[in-house]
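Some notes on the structure that comes next.
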Amino acid sequence: NAAELTKLTFVQEWPTPDGFWIPWILGSKKGFYAEEGLELEIVVPPTVADTMKFLGTGRAQVAFTTVMDVIFARGEQAPVTAIARYGRGNNWGIISSEGKPLTVADLKGKRIGIYNDAWTKAQLGMMLADAKLTLDDVEMVAAADDTVPLLLQNRVDAITGITNAEGTEMMTAGNQKASFLPATEHGVPNTPIFMLAGNDDWLKAHPDQAKAFLRATEKSIRYAAEHPAEGVAAFHELYAKAFDEKYITQQWTDTIPLFGAMGDDLMVNNEADWTALLAALTKFGVVKEVAAPTTYFTNAYLAK
Amino acid sequence: MSDRHALLLRLVYPLVALILVIAGWALAVDVFEIPRYVMPSPMDVANHIADDWPALVKGFGQTFMEFLLGFLAGAIAGFVFAVLMDASRPVRGILYPILITSQAIPIVAISAALTIWLGFGLAPKLVIVALVVFFPVVVNVLDGLASVDKDIINLVRSMGASRFSIFRHVKLPATYTPLFSALKLSATFSVTGAVIAEWTASTSGGIGAYLLQANSRLNTAGTFAAIVFLALLGLVSFLLVIAAEYWLTPWRSGSKARRWSSSYWKDETGG
Amino acid sequence: MSDRHALLLRLVYPLVALILVIAGWALAVDVFEIPRYVMPSPMDVANHIADDWPALVKGFGQTFMEFLLGFLAGAIAGFVFAVLMDASRPVRGILYPILITSQAIPIVAISAALTIWLGFGLAPKLVIVALVVFFPVVVNVLDGLASVDKDIINLVRSMGASRFSIFRHVKLPATYTPLFSALKLSATFSVTGAVIAEWTASTSGGIGAYLLQANSRLNTAGTFAAIVFLALLGLVSFLLVIAAEYWLTPWRSGSKARRWSSSYWKDETGG
Amino acid sequence: MTAAASPKLALHAVTQRFGETLALSPTDLAVRAGEFVSVVGPSGCGKSTMFNIIAGVLQPSGGRVLIDGRDVTGRAGEVGYMLQKDLLLPWRTVLDNIVLGALLKGKAGPKERAEGVALARRYGLGDFINHYPSALSGGMRQRAALMRTLAMHRDVLLLDEPFGALDSQTRFAMQQWLLSVWEREQRTIVFVTHDIDEAVFLSDRVVVMSPRPGRIREIIEVPIPRPRPVSALTSPLFSTIKQRIIDLIYENSPALEPAHV
Amino acid sequence: MTAAASPKLALHAVTQRFGETLALSPTDLAVRAGEFVSVVGPSGCGKSTMFNIIAGVLQPSGGRVLIDGRDVTGRAGEVGYMLQKDLLLPWRTVLDNIVLGALLKGKAGPKERAEGVALARRYGLGDFINHYPSALSGGMRQRAALMRTLAMHRDVLLLDEPFGALDSQTRFAMQQWLLSVWEREQRTIVFVTHDIDEAVFLSDRVVVMSPRPGRIREIIEVPIPRPRPVSALTSPLFSTIKQRIIDLIYENSPALEPAHV
Ligand SMILES: Nc1ncnc2c1ncn2[C@@H]1O[C@H](COP(=O)(O)OP(=O)(O)OP(=O)(O)O)[C@@H](O)[C@H]1O
Ligand SMILES: Nc1ncnc2c1ncn2[C@@H]1O[C@H](COP(=O)(O)OP(=O)(O)OP(=O)(O)O)[C@@H](O)[C@H]1O
Ligand SMILES: [Mg+2]
Ligand SMILES: [Mg+2]
């Protein structure tokens, strides 16, 4: 009956597998997608920006991505829309070594390891503004793959990142509980970072598949949150020992709380979040012009 | 005796090289107290390889196939291109600058476009590996074609040879030597091409994907295990090119045609 | 007359190439209705370049400097290495397999470690660019050193030349031709090396960093503007190598010593 | 012109211009079947140009080339042609090089190969048919090149300085061998050389050419009886003929200053 | 041994073994100052080996080499040495190639260069001093190589088949030129060649060697008065000497079969 399954290409947010992916990996294994008549083809993009290219051109029907990528893609007229959120709030911020907490004002003149993605400079700018600083007041070191070793080797004073990736890594590789300076406490709206998005043409043509995809995904998230060990095992089965088992386990453990209470609104996008984010982006000149908040997302494919 | 000795030396040197590299590596990790997340010790890597043997071997097979098909495609395409460019001065004059500047464009910058056009399958990966081999092959084969002695061409023309026959018997074989030197130079390097190709948009896991995954989250033992397999792959590909050269250009390695080749004359009269 | 004509053709072909590439690109975007976020039209890119001219030019300068210093360092290191390897059979036997397999290791895999050791300054970038040039230079210079006619060595020995003098006057100049063919092959390619180096961990913005940033915002016009500048950089580096070859090996491009060179004999007696 | 009424090879007013320069002014020549004719003359007098025209590789500016009375002007493949460089294909065995004429036409079957083998055996390369040319000495290579020319089965052979690159001793042996081949195979040979000894020793007639513009200056008969022993090289008749040719060549040429070599 | 009591160059029982083979059996030779001696003999008879020993590039297995009575065995830089290949450095101008001996010692100053220029002018390369060797014809290159040998200021010149690669006419001009140089510069020349005509035409004495093991078979005087005109080449005395040498070389050698060329 595998032949009857509809294949969906699901493109990920960046080139390397992450613990975040455990829900759809486990869900595929448990047959949650097959129950909905779907089969997921999980594809990784060459760079973070290519996710939206694949989605926009219809090479992929659905994507795991970030809110900023959706906004930039829409700015370039790519036909993509956010169809669900992944996580509840913003756990991005500045990470420094254990025992060396920093305030925003401390950052002046410091060297900070960053990534060259859409999101980092936007939020860093907002945070620095909180202490009347600008991006020119810090020295940014952009790394291609990982900033954590730079911090562990004291090559930088701080790095940007999220608690359940860089934070986790500080723990597993550096054996330390990193000091974390949350962005949300310094002028950055507390809105979700990660999104599930769909290709507009496909959404219009196959609303049922979209709904089925989200139903299966929601079921997967709930199941994976309840059975973390099973999730980690499924991840390992797929990606062998290219990963550090300790890290993935820790990452998924760190990720589960970010979904908050597993209520009915687990994946529902909320207009207020988008309005706040777009307002901040406009204020800091990250994007030139924005459309109405509701044009970026839809909850039409989520179960009511 | 002296031949045996030479062969032995040929095997001894790479072995010594291997031992030196491993010893130097172990020593460096030890003496400079390099942390594990920067560089693992040889033992760490050996353990990781033993642990994850099936996945690594499967990845090796996958990457090897990508390398092989892409390498062949690139070599053939480069060869055909060079022949076409050789046939016409304007074509050569126009394509040459394009080829040269194209080398400065990082493959990663165009890999998304490639995937969008060619899908997530093998095709874009082969194209990327092929691109690595393409340029040196074109340059060297062009050189080879241009260096054919005009007198030989005149001679075979005087024997009534057609244009095609001249190409087949004189020009074509003259390209083999430069062709193989291009292939040798790019053999190991196109393994890197295969790795980059796997980063392009991979659904399936070769060694390149393995490396990226391990590297992304500081699994340095995994990263170095992948590097070891890539080095092995590089060596294998280099040896494959050497072997192909040995078989396809017998006149360069021996003084006599090989017994089973079509051009070997077997004496039926038993002279 | 014919010389002028040839020079004109030399300039005409690249121009035609440029026009063809731009026309083909514009046509492709138009006919296949490629969306802007996958590939911009030439006009979009031209507009972007005009808009962001100062940043691009600054980036170009930065990347060009990295390329130039790294390229020189790699060429010199490769040259010295080859000379050392040529001097001793065991050294050659041991280093050769290491060099070959090292080519299969993707630079990205070691770039992070390089940054940790060498910091964020110019050093790791130069090392990465240098690594790209190193291998072809070693291989070709070794070839050149090995191909020196034994009779010439005997002759200069019979003239009472010292070992150093033989190296300086006979062996060294014999490496120039293969050296430059290696440099030509790797000139444009090492621009890619500079880009990868900038991606690894950079504080200052070269064109590679520019490309990455533009790419991350789905700003394809910016990405392609960076690619245009990289292609330009590739062309410039290739032409630089050609020019260096012209100046350093005058015997290959002309039949007479240049008037201002030290080996030119100026006739004071006015014969 | 001492040729018979129906010459094997005839040139009628063959002319060649390269732009402004007249490389070969209208030239007539007739060669009898089975004759051995040498062509000598200073560098640039048009010897190779004449050969290229006869071989059909070069279309003359004017005039006609006849073989057995047929007009073959500008037609390749009618004569056997061999140059100073042996031009063996390094990627082919000696046997394949010998049967190259057939190979080029795609019809080098067992019959042609067997014939090539027989040729190689007869003329002392029997042990080398499966070797590549790189394994051969200069003399052996030159012989293989001549066999390639013989295996084309053309009545007329044009040999352009075939032994120019050989040292004197090898050259001497090759001359002996060429004479034996010529006698056995009954071919017509036209032979270019810079070596006057060689020209006189080998030929029935020696064509002396002079340059600017290239033309035939005189044709000299060599009435030394065959077979010619080594001692013929030092006979008075030989010396007389040689002196005559040297005079013809150096007579009008400017005094040989080293600077113009 | 017709040499004077105090020879310029003397070999005493010089011997060379390569492993099992005796390349040169104990050899004695004495050459007078200002003499022109040629060495002929089949390939492999040890001519180049002998030269390498005299030039000090090869240490003999036994025996001594004396120049003006001084023992110079195994010492390089005592004689001028020139081979068949011109071996000019392509990356040096003709002038630099001529003064190479000084260049190699790091003392090619204006004086040495001016002298090189004078040499080039005197012998017909004055217009080419700033050219690279690739711009020169074969004959000109050979002359430049000889000037390089002359500029070393050695009394004894060893020339190993210097004209072997030239065509007959160029060769003839080069021989004339070499004789004029020799007469003017008063050097002692030992000259290897395969061409018997050349050996006889140039030399005061001809050393005939034979192989397996390499040794001197006979030394023949050439009493033809100098200067020798071209016509000397066809004189009866010339023919007699030539015939004698040919006999010596071919006498004991097996009949020249083509297969063994
Ligand atoms: N393709 C060509 N284009 C222009 N000039 C040519 C060409 N081929 C030959 N020539 C000229 O024609 C003249 C005769 O040349 P050719 O090669 O026939 O002389 P040759 O007698 O064979 O000389 P050599 O003894 O040096 O081989 C020369 O002046 C040469 O420069
Ligand atoms: N380096 C060497 N090792 C071993 N054998 C050698 C070496 N050099 C020369 N021979 C041998 O010594 C003998 C004499 O060689 P040599 O080169 O002196 O001969 P030649 O008279 O100069 O010959 P040709 O006329 O071919 O130049 C030959 O049999 C040769 O094979
Ligand atoms: Mg000619
Ligand atoms: Mg010799």
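A, B, ... follow the sequence lines: proteins, then strands. Residue 1 opens every chain. Predicted, not measured: the structure shown is a model, and the values here were computed from it.
Heavy-atom pairs under 4.5 Å with chain C were tallied for B:Leu95, B:Val16, B:Ile98; the largest tally goes to B:Ile98. Of the listed residues (C:Thr188, C:Asn215, C:Leu232, C:Thr220), the greatest number of heavy-atom pairs within a distance under 4.5 Å of chain B belongs to C:Thr188. Ranking B:Ala194, B:Ser237, B:Ala231 against chain C, the residue ahead of the rest is B:Ala231, based on heavy-atom pairs under 4.5 Å.
Residue contact with chain B, scored on non-hydrogen atoms closer than 4.5 Å, is absent for C:Phe32. Neither the backbone nor the side chain of B:Leu15 comes within less than 4.5 Å of any heavy atom of chain C. Using a 4.5 Å cut-off between heavy atoms, B:Phe189 contacts chain C through both its backbone and its side chain. Both the backbone and the side chain of B:Leu230 come within less than 4.5 Å of a heavy atom in chain C. Residue C:Ile34 touches chain B through its side chain alone, counting heavy-atom pairs closer than 4.5 Å. Contact annotation for B:Phe135: only side-chain heavy atoms (C-beta onward) come within less than 4.5 Å of a heavy atom of chain C. Looking at B:Leu233, there are no atoms closer than 4.5 Å to chain C (heavy atoms on both sides), in backbone or side chain. Contacts between C:Leu20 and chain B at a heavy-atom distance below 4.5 Å involve the side chain alone, from C-beta outward.
Note that the CD1 atom of C:Ile100 and the CG atom of B:Leu239 stand 8.0 Å from one another [nearest 0.5 Å]. Separation of atoms CD1 (C:Ile227) and OG1 (B:Thr101) is listed at 12.0 Å; rounding is to 0.5 Å.
Here the options are C:Val195, C:Val191, C:Ile196, the test is side chain to side chain contact (heavy atoms under 4.5 Å, CB included), and the partner is B:Pro106; only C:Val195 passes.
Between B:Pro97 and C:Pro14, the closest heavy-atom pair is CG-CA, 3.8 Å. Among all heavy-atom pairs drawn from C:Met39 and B:Trp117, the shortest one is CE-CH2, 3.9 Å.
A donor-acceptor pair under 3.5 Å is formed between the side chain of C:Thr192 and the backbone N or O of B:Gln103.
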